[in-house]
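Accompanying notes for the structure given below.
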Amino acid sequence: MLDKSKIKKICIDDFAIKKRDKYATVMINIQTRKIIDILESRDYEEVKEWLKTFPNIEIVSRDGSITYNKAIKDAHPKSIQVSDRFHILKNLTDYCKKYIKRILNRKVEVEKLENTSGQEILKLKEKYKFETKWELILRVKELRDLKYKVNDIASILGVGNKTVINYSKIHPKDKEKYDTITNIKAKSLDISTRKETLINNVKDLNSKGKSMRKIAEDMFLDRRTVKKYLESDGKWHHESTGVKRESKLDNYKNLIKKMHINGSSSKEIYVQIKEQGYSGSDSLVRKFITDFRAETLEGEETVDIKYIKRNDLISLLYKPLEKIKTITSEELDIILNKYKQYKVILETIKEFKEILFGKDNTKLKIWIEKSKALNIRELNSFITGIKRDIEAVNNAITYEYSNGLAEGKINKIKVIKRIMYGRCSFDTLRNKILKLENST
């Protein structure tokens, strides 16, 4: 029989039962590392009365829940509450993650000038983009008049040698035959025209007094779509326009360029980057090499460009640089110099970690004031949360207690719960857990 009067140091946490909107609270004895009890609620009144049945509780480790805070304080006013360090740090990094997503693009460009001594060095040349085939033909003729060789023109424009020769022979009187927009461009314009007509029809019906709901019904549209059309400027703007899609080659492009300059074949390049983690096809490598050759001319220096994924930069909130293989220390220095706000966030988290694990809670107030002065919305939300629970956060710095024990026990409960899913009540689950705990 459990002697509740002997329970002095506990940690509590919650877990979902049956439906996601229903939770239970689990209590673990810190000294024996065993589950003491499970309550089918995490509401204030139930938790408070439950805690009162354990008369001598002195220390409670918990997450940042305000409900638990109030219930513990009212049930045991003299007890010491310790906020879990893991949850505090997770809240901070989650808020900082939101901020980074707000200020950085999905891919961050690292750009620098790099000399490659003893090698043939290429300079990136402007890529010619042509609305019509006739513009391309005129460019071929222009380069031929400038005495460029067929091979050079083919390389610059990314076309075949035969295409260059054939385009050179086309007579100006045939302009009308070739002076048409590309199929892709035509299709895009057609979509834009239809969408803008639809937007204007919606606006016209609204100006005649029809409600959004009626317009949606008559035109078979979602009301949210109608609302978006009414708030628009009448032009169609596709969300993907101008957005550069990620490529499996992004982190290998510099290596491919250098190996190509040094005379490596596409097959040799493919084998090399595959060993480094490339998961795409060899045809994608060959196409990139072809495009690279088509947009380059001899020069003195090369622009070395690499794209770093934003998610990799977010990973630095949790992991040291040496554990992230996609970013070098040199590249990180470039990013920190270019994006000062990102640098500030990394430094802010680093300072907080040092305080949280440094056993000196007098520095927390200074950190809060310094961070508040940055005027970052997401960081201010975190600060508001810890100020609301400041005593428990200070205790987290002072004491060694944490909810790591509770997290492990909850994982065990979840496994048992899944095994018993649909075949038991909460009471059966509780009895099974307590029996297992007492038998070991």
Side-chain angles (χ1 to χ4, degrees), residues 1-88 90-91 94 385 388-389 391-393 395-396 399 401-440:
M1 186 70 179
L2 177 67
D3 186 355
K4 292 186 176 183
S5 64
K6 292 183 179 181
I7 307 300
K8 296 183 178 182
K9 299 177 182 179
I10 65 169
C11 57
I12 62 172
D13 210 338
D14 57 52
F15 64 93
I17 51 174
K18 292 184 179 179
K19 297 179 182 178
R20 297 299 298 177
D21 58 346
K22 191 172 183 181
Y23 289 82
T25 302
V26 61
M27 180 189 295
I28 297 100
N29 187 333
I30 293 176
Q31 293 167 305
T32 63
R33 305 179 70 83
K34 292 183 181 294
I35 295 174
I36 303 166
D37 200 4
I38 307 174
L39 176 69
E40 192 181 6
S41 174
R42 65 172 181 184
D43 294 335
Y44 163 73
E45 285 294 340
E46 287 86 348
V47 173
K48 182 183 75 172
E49 295 305 318
W50 180 56
L51 288 169
K52 282 182 178 179
T53 63
F54 297 84
N56 297 320
I57 289 177
E58 298 174 355
I59 293 175
V60 184
S61 175
R62 58 167 176 81
D63 62 17
S65 169
I66 297 302
T67 301
Y68 284 160
N69 179 12
K70 192 172 188 305
I72 296 165
K73 191 176 291 184
D74 291 347
H76 299 282
K78 295 181 180 180
S79 65
I80 297 171
Q81 296 190 46
V82 182
S83 188
D84 182 54
R85 288 183 291 276
F86 170 79
H87 285 92
I88 297 171
K90 185 179 184 300
N91 286 341
D94 284 348
R388 190 171 51 191
D389 198 22
E391 185 179 345
V393 174
N395 288 336
Y399 295 92
Y401 304 110
S402 77
N403 267 37
L405 179 59
E407 297 296 332
K409 293 294 184 181
I410 285 173
N411 283 338
K412 178 180 177 180
I413 292 172
K414 286 179 178 177
V415 171
I416 297 170
K417 185 184 71 168
R418 292 187 188 106
I419 294 171
M420 300 174 67
Y421 178 75
R423 288 177 282 178
C424 69
S425 64
F426 172 79
D427 289 335
T428 306
L429 175 65
R430 175 179 176 274
N431 291 335
K432 185 176 181 67
I433 296 297
L434 295 179
K435 186 176 180 180
L436 284 170
E437 287 291 297
N438 292 325
S439 64
T440 56

Does any non-hydrogen side-chain atom of Ile72 lie less than 4.5 Å from one of Ile12? yes

Roughly how far, to the nearest 0.5 Å, is the CD1 atom of Ile17 from the CD atom of Glu40? 4.5 Å

How are the rings of Tyr401 and Tyr399 set relative to one another: parallel (under 30°), tilted (30 to 60°) or perpendicular (over 60°)? parallel

Whether the Asn56 and Ser5 side chains hold a donor-acceptor pair (N or O, under 3.5 Å, no angle test) is what I'd like checked. no

Just by modelled atom types, is the Gly64 backbone N or O under 3.5 Å from a matching donor or acceptor in the Asn69 side chain? no

Run His87 and Arg62 through side chain to side chain contact (heavy atoms under 4.5 Å, CB included) and show every step you take. CA-CA 9 Å; His87 285 92; Arg62 58 167 176 81; over 6 Å; no

Please tell me if the side chains of Ile38 and Ile433 come closer than 4.5 Å, counting only heavy atoms from C-beta onward. yes

NZ of Lys73: more than 12 outside heavy atoms within 6.0 angstrom? no

What's the shortest heavy-atom distance between Cys11 and Ile30, and which atoms? N-CG1, 3.9 Å

Exactly one candidate in Asp63, Thr25, Asp389 meets side-chain hydrogen bond (donor to acceptor under 3.5 Å, both in side chains) with Tyr68; the answer is Thr25

Salt-bridge contact Arg42-Asp14 (side-chain N to carboxylate O under 4.0 Å): yes

Do you know the tightest heavy-atom contact between Glu46 and Ser41? CB-OG, 3.7 Å

